[in-house]
Amino acid sequence: NIVHPHTDADIVWMLDGKPLKEVVRYLTEYYGQSVCCTSAVADKPFYGKLFLNEELDEVLEAIRQTLPMEPSARKNAVYVE
């Protein structure tokens, strides 16, 4: 769970089983930073909500808490493995 207090200004993205590859594709567009995932986790469904007004690192932490994966930064991109 995300423990930060939230306000009415939150931009909440509700996800109901969307494949992780689609989630990272959208995050790349939204944050303007390359986010990639390996084929090992690409089709894993993601359930939950993401608060897009938070920093990308916080959003990735919320995903990490839900899925057994570890984001890492490499060559100006964030990889989800």
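The distance from the OH atom of Tyr47 to the CG atom of Asp16 is 6.0 Å, given to the nearest 0.5 Å. Arg64 CZ to Asp57 CG: the interatomic distance, rounded to the nearest 0.5 Å, is 12.0 Å.
Heavy-atom minimum distance, Cys37 versus Ala42: SG-CA, 3.7 Å. Contact detail for Val41 and Leu20: the closest heavy-atom pair is O-CB, 3.5 Å.
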Check: residues 22-31 side-chain donor-acceptor pairs under 3.5 Å, at least two apart:
residue, atom, partner, partner atom, Å
Glu22, OE1, Lys18, NZ, 3.4
Thr28, OG1, Val24, O, 3.0
Thr28, OG1, Val35, N, 2.8
Thr28, OG1, Val35, O, 3.1
Tyr31, OH, Leu52, O, 3.0
Tyr31, OH, Glu54, O, 2.8

